[in-house]
A.B. asks: 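Right, I'll just put the structure down here and ask away after.
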Amino acid sequence: MERDHTSPSLTLQSAGVRVTPQRLAVFEELRESGEHLSAEALFRRVKERQPSLSLATVYRTLDMLREAGLIVEGRLGDERNFYEANVEPHFHLICLNCHEVRDLSPEGAEALHREAEANSGYRIHWSRLEFFGTCEACQARQPEMARA
Ligand SMILES: [Zn+2]
Ligand SMILES: [Zn+2]
């Protein structure tokens with residue numbers, strides 16, 4: 001995944017988001033970690049640096065960042081939502097056992113977008129393609145999972 005080296009504060013400002021220390025901390029954590037995190041997981045991490053942070057603020061901030069196009073929200077089938085700062089077209093590998101979400105960025109992702117636009121006449125803003133399975137770590141822990 002290509003890292004954006006613009007300062008997080010500048011990125012927020014140019015997207016029209018008013019910068020507050022808490023919003024900045026939430027965005028920074030998501031972008032710097034490069035991970036796919038739930039609102040609760042983000043809350044726990046950022047609260048260490050922003051003790052007055054509330055979960056409601058995290059949800060409001062995530063909504064705001066999503067509307068500004070700075071992050072995307074994904075879903076793992078059930079109510080498990082995650083957020084990530086990688087807004088480029090890419091695919092996901094999702095472990096059904098430990099719920100790890102990993103980016104898979106084959107060059108084909110961009111091409112698939114263009115092809116879908118050409119074939120359908122749609123103007124595609126974002127996409128989601130997910131592969132569900134068992135990660136290597138879980139396979140090593142439970143060899144029977146590899147065949148499930
Ligand atoms: Zn796993
Ligand atoms: Zn991703």
Side-chain angles (χ1 to χ4, degrees), residues 1-17 19 22-50 53 55 57-120 122-148:
M1 136 185 189
E2 214 167 291
R3 286 293 166 86
D4 183 353
H5 294 291
T6 317
S7 95
S9 159
L10 214 63
T11 304
L12 290 186
Q13 279 174 303
S14 47
V17 176
V19 179
Q22 296 192 336
R23 286 174 189 171
L24 193 59
V26 169
F27 180 56
E28 250 175 338
E29 180 62 40
L30 206 52
R31 198 172 77 163
E32 300 308 314
S33 72
E35 289 180 62
H36 304 74
L37 298 170
S38 67
E40 291 77 11
L42 259 173
F43 171 65
R44 283 194 298 273
R45 288 193 190 188
V46 178
K47 198 170 169 62
E48 289 172 19
R49 279 175 287 137
Q50 300 281 336
L53 186 73
L55 185 56
T57 299
V58 172
Y59 274 115
R60 272 199 306 276
T61 301
L62 289 170
D63 276 346
M64 200 178 295
L65 294 173
R66 196 193 51 213
E67 277 162 27
L70 297 173
I71 65 169
V72 287
E73 186 179 359
R75 199 167 297 222
L76 293 182
D78 50 13
E79 79 287 359
R80 225 183 283 266
N81 279 24
F82 64 81
Y83 299 84
E84 66 170 322
N86 182 2
V87 296
E88 297 303 317
H90 66 279
F91 303 145
H92 283 145
L93 287 163
I94 298 172
C95 179
L96 292 165
N97 187 50
C98 68
H99 304 292
E100 173 199 66
V101 182
R102 200 187 301 172
D103 284 346
L104 181 70
S105 302
E107 296 70 33
E110 287 276 5
L112 198 60
H113 257 229
R114 284 195 299 273
E115 196 185 312
E117 287 190 331
N119 291 344
S120 65
Y122 263 58
R123 168 80 183 87
I124 295 171
H125 302 292
W126 58 276
S127 66
R128 211 172 79 212
L129 182 57
E130 285 157 356
F131 299 91
F132 293 89
T134 308
C135 74
E136 282 181 324
C138 288
Q139 289 177 51
R141 271 194 301 273
Q142 295 158 280
E144 72 277 8
M145 300 282 304
R147 296 186 305 270

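For ligands, and for the atoms within them, numbers begin at 1 and follow the listed sequence.
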A.B. asks: Under the 3.5 angstrom rule, does the side chain of S120 hit a backbone N or O of A116 as a donor-acceptor pair?
C.D. replies: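 Yes, the answer is positive, given that a donor and an acceptor are paired below the 3.5 Å cut-off.
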A.B. asks: By salt bridge (Lys or Arg N to Asp or Glu O under 4.0 Å), which residues pair with E110, not counting sequence neighbours?
C.D. replies: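 Testing E110 for salt bridge (Lys or Arg N to Asp or Glu O under 4.0 Å), a comparison that skips the adjacent residues, returns none.
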A.B. asks: Can you tell me how far apart OH (Y83) and OG (S38) are? Round to the nearest 0.5 Å.
C.D. replies: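 The distance works out to 9.0 Å.
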A.B. asks: Supply the atom-to-atom distance Q13 CD to S7 OG, rounded to the nearest 0.5 angstrom.
C.D. replies: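 It is 7.5 Å, given to the nearest 0.5 Å.
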A.B. asks: Enumerate the protein N/O/S atoms at a distance below 2.8 Å from the Zn ion (ligand 2), ignoring waters.
C.D. replies: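 Listed by chain and number: H36 NE2, E84 OE1, E84 OE2, H90 NE2, H92 NE2, D103 OD1.
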A.B. asks: Under 4.5 Å between any side-chain heavy atoms of L65 and L30, yes or no?
C.D. replies: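 The answer is no, as the side chains (C-beta and beyond) never meet within the 4.5 Å cut-off.
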A.B. asks: Are V17 and F27 close enough that some pair of their side-chain heavy atoms sits under 4.5 Å apart?
C.D. replies: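 No - every pair of side-chain heavy atoms lies 4.5 Å or more apart.
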A.B. asks: Closer than 2.8 Å to the Zn ion (ligand 1), what protein N/O/S atoms do you find?
C.D. replies: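 Protein N, O or S atoms closer than 2.8 Å to the Zn ion (ligand 1): C95 SG, C98 SG, C135 SG, C138 SG.
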A.B. asks: Closer than 3.5 angstrom, by distance alone: can the side chain of E117 be matched with the main-chain N or O of I124 as a donor-acceptor pair?
C.D. replies: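 Yes, the answer is positive, given that a donor and an acceptor are paired below the 3.5 Å cut-off.
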A.B. asks: Who pairs with E35 by side chain to side chain donor-acceptor pair (under 3.5 Å), at least two apart in sequence or on another chain?
C.D. replies: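 Counting only residues at least two positions away or on another chain, E35 forms a side chain to side chain donor-acceptor pair (under 3.5 Å) with R45.
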A.B. asks: State whether a side-chain donor-acceptor pair under 3.5 Å links N86 with H36.
C.D. replies: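 Side-chain D/A pair, N86 to H36: absent.
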